[in-house]
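Basis for what follows: all heavy atoms, side chains included, without hydrogens, waters or symmetry-related copies. Proteins get letters first, then strands, A, B, ... in listed order; numbering begins at 1 in each.
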Number of protein chains: 2
Amino acid sequence: MHYNRIFANRRKILTMSAQKKTDDFLKEYDLRSTGCRRDVLSLFISEPYALSQAFFEENLHHQYDRVTIYRTLKSFLDAGFIHKVLDDTGGSKYALCSEDCTREHHRDGHVHFKCKQCGKTICMEKISIPAFHFPGSYQAEEINVLVTGICDQCGYESGK
Amino acid sequence: MHYNRIFANRRKILTMSAQKKTDDFLKEYDLRSTGCRRDVLSLFISEPYALSQAFFEENLHHQYDRVTIYRTLKSFLDAGFIHKVLDDTGGSKYALCSEDCTREHHRDGHVHFKCKQCGKTICMEKISIPAFHFPGSYQAEEINVLVTGICDQCGYESGK
DNA sequence: TTATTTTTGCATCAATGTTGCATAAAATTC
DNA sequence: GAATTTTATGCAACATTGATGCAAAAATAA
């Protein structure tokens with residue numbers, strides 16, 4: 001059974017013990033189980049958003065060096081179970097892959113919504129990216145769609 | 001006659017004298033005509049790609065301070081005749097708007113293609129972004145589509 | 001438990017985004 | 001056209017992020 005599949009449904013994996021799930025998951029991807037990796041992975045599981053490096057640094061109370069978090073994210077990207085999500089302010093965010101992505105190919109296939117108010121980037125897993133047709137010898141490999149606006153929550157709160 | 005319209009077709013404006021076109025254009029947008037602004041604008045006209053700040057610095061031979069170029073781009077963004085284009089490597093690029101965008105609303109409406117080989121970001125003006133339908137009270141304001149892959153030119157050259 | 005391999009923390013550097021302030025340049029007024 | 005007002009520029013400075021080298025520490029294998 002592929003842990004990728006398990007991750008496709010966060011609810012499932014959340015029933016496993018915290019230590020075991022991250023431990024097993026990391027080993028599945030040939031990554032050593034270290035404190036930083038377990039903690040970063042746990043945050044990915046508990047937060048259903050695309051997360052920035054700064055988010056991890058703050059939420060782990062600067063327990064780990066920023067380079068370590070940077071390299072942790074890089075190892076997760078290389079392993080292929082997170083993907084990079086574009087951000088309109090230049091930086092990058094990262095999110096768990098919800099489908100079977102290969103290391104090179106991250107057609108996560110869904111739209112990302114960044115709220116201008118709360119700043120959160122939400123994976124709109126229900127909204128898939130349509131096929132685009134390019135002329136001539138253009139070879140598309142990855143497609144990123146970033147929508148900015150006001151999210152559900154913020155729209156409801158300010159909308160009276 | 002709106003200069004925005006003129007810009008919609010680069011060929012047209014290229015027939016005007018270099019000095020006059022940038023001068024008039026800037027004034028149309030209530031921007032003072034300065035050396036840096038004219039030069040940056042000229043590059044936007046001559047290069048049919050989304051350009052990075054570094055591109056301007058290099059191509060203007062570091063004639064202007066990087067902060068000046070940064071602020072020039074910002075003033076152009078505020079004026080509303082360029083829009084920010086996402087880049088997969090974190091940074092931002094900028095491109096002339098080819099439609100009438102308002103200051104706040106930059107539905108430039110087309111797909112951007114970034115070539116992994118030559119690094120250029122091409123505005124695929126022919127490929128429009130479809131409408132996405134968001135649930136609940138999500139309010140989409142801007143939609144950015146960034147496709148990475150191999151462009152026409154690079155694909156052709158390496159492809160035989 | 002020891003040996004091997006990988007990860008971490010720290011130092012360091014480059015690039016980029018951003019602001020404040022004094023000076024320079026552009027537009028406006030006389 | 002000279003003086004005045006307004007705005008832009010250059011420079012210093014600082015924050016954030018991406019990235020690499022290296023010795024020490026931790027994780028796995030033997």
Side-chain angles (χ1 to χ4, degrees), chain A residues 19-20 22-42 50-79 82-94 114 119 121, chain B residues 19-20 22-42 50-79 81-94 114 116 119 121:
Chain A
Q19 171 74 25
K20 187 172 177 354
T22 52
D23 224 73
D24 287 5
F25 186 84
L26 290 167
K27 279 171 188 158
E28 181 78 11
Y29 282 96
D30 289 319
L31 290 176
R32 291 191 175 190
S33 176
T34 66
C36 183
R37 287 178 180 168
R38 281 189 299 267
D39 290 349
V40 167
L41 184 51
S42 294
L51 308 172
S52 66
Q53 190 178 317
F55 172 88
F56 291 107
E57 289 171 25
E58 287 156 24
N59 279 267
L60 298 176
H61 307 94
H62 303 273
Q63 192 183 343
Y64 306 104
D65 193 84
R66 67 183 195 87
V67 178
T68 302
I69 294 185
Y70 165 75
R71 283 194 270 227
T72 293
L73 292 171
K74 222 171 121 172
S75 68
F76 286 8
L77 276 178
D78 288 348
I82 66 171
H83 59 268
K84 201 186 261 197
V85 176
L86 297 183
D87 189 77
D88 57 337
T89 58
S92 289
K93 294 191 168 185
Y94 306 88
K114 163 126 182 219
T121 300
Chain B
Q19 172 73 26
K20 187 170 175 0
T22 52
D23 223 73
D24 287 4
F25 186 84
L26 290 167
K27 279 172 188 158
E28 182 78 11
Y29 282 96
D30 289 320
L31 290 176
R32 291 192 176 189
S33 176
T34 66
C36 184
R37 286 177 180 168
R38 281 190 298 267
D39 290 350
V40 167
L41 184 51
S42 295
L51 308 173
S52 66
Q53 190 177 317
F55 172 87
F56 291 107
E57 288 170 26
E58 288 155 22
N59 278 270
L60 298 176
H61 307 94
H62 303 276
Q63 192 184 343
Y64 305 104
D65 193 86
R66 67 185 196 87
V67 178
T68 301
I69 294 185
Y70 165 76
R71 283 195 270 228
T72 293
L73 291 171
K74 223 170 121 173
S75 69
F76 286 8
L77 276 177
D78 289 348
F81 61 84
I82 65 170
H83 59 269
K84 202 187 259 198
V85 176
L86 297 182
D87 189 77
D88 57 338
T89 59
S92 289
K93 294 191 169 185
Y94 306 88
K114 163 127 180 218
K116 287 165 68 174
T121 300

If the sugar-phosphate is the primed atoms plus P, OP1 and OP2 and the base is the rest, what is the B/S/- string for nucleotides 11-19 of chain D, using protein heavy atoms under 4.0 Å? BBB---BBB
Can you check the B:D78 CG to D:dT7 C1' distance for me, whole Å? 14 Å
Name the orientation class of the two ring planes belonging to B:F81 and B:F25 (parallel below 30°, tilted from 30 to 60°, perpendicular beyond 60°). perpendicular
Interface polar pairs with nucleotides 2-4 of chain D, N/O, under 3.5 angstrom:
none

Would you call B:Y64 and B:T34 a side-chain contact if the rule is heavy atoms closer than 4.5 Å? no
Do A:S52 and A:D87 come close enough that some side-chain heavy atom pair is under 4.5 Å? no
Exam field: side chain B:R66 to backbone B:E57, donor-acceptor pair closer than 3.5 Å: no
Measuring only between side-chain heavy atoms, which start at C-beta, is B:F56 closer than 4.5 Å to B:T72? no
Value in whole Å for how far the P atom of C:dG17 lies from CG of A:D87: 13 Å
Show, in sequence, the C-alpha distance, side-chain angles and deciding distance for A:D88 and B:K84, and conclude whether the salt bridge (charged side-chain N to carboxylate O under 4.0 Å, His left out) test is met. CA-CA 8 Å; A:D88 57 337; B:K84 202 187 259 198; over 6 Å; no
Just how far, in rounded Å, is C1' of C:dT5 from CG of A:D30? 14 Å
dist B:L77:CG -> B:R71:CZ (nearest 0.5 Å) comes out at 14.5 Å
Where do A:Y94 and A:T121 land on the side-chain contact (heavy atoms from CB on, under 4.5 Å) test, with the steps shown first? CA-CA 10 Å; A:Y94 306 88; A:T121 300; over 6 Å; no
Enumerate the protein-to-nucleotides 26-30 of chain D contacts in which both atoms are nitrogen or oxygen and the separation is below 3.5 Å.
residue: D:dA27; atom: N3; partner: A:R32; partner atom: NH1; Å: 2.9
residue: D:dT28; atom: OP1; partner: A:S33; partner atom: N; Å: 3.0

Given the rule in the salt bridge (charged side-chain N to carboxylate O under 4.0 Å, His left out) test, do B:K27 and B:D23 qualify, once you have shown the distances and angles that lead to the verdict? CA-CA 6 Å; B:K27 279 172 188 158; B:D23 223 73; 3.0 Å; yes
Separation of C:dG17 P from B:L77 CG (nearest whole Å): 11 Å
Taken to the nearest whole Å, CG/B:L26 to P/C:dA25 is 18 Å
Starting at CG of A:D88 and ending at P of C:dT16, how long is that distance when rounded to a whole Å? 18 Å
From CZ of B:F76 across to P of D:dA8 the rounded distance in Å is 11 Å
Pair B:S33-B:R38, side-chain donor/acceptor within less than 3.5 Å: yes
Between A:L51 and A:V40, does a side-chain contact (heavy atoms from CB on, under 4.5 Å) hold up when you go through it step by step? CA-CA 10 Å; A:L51 308 172; A:V40 167; over 6 Å; no
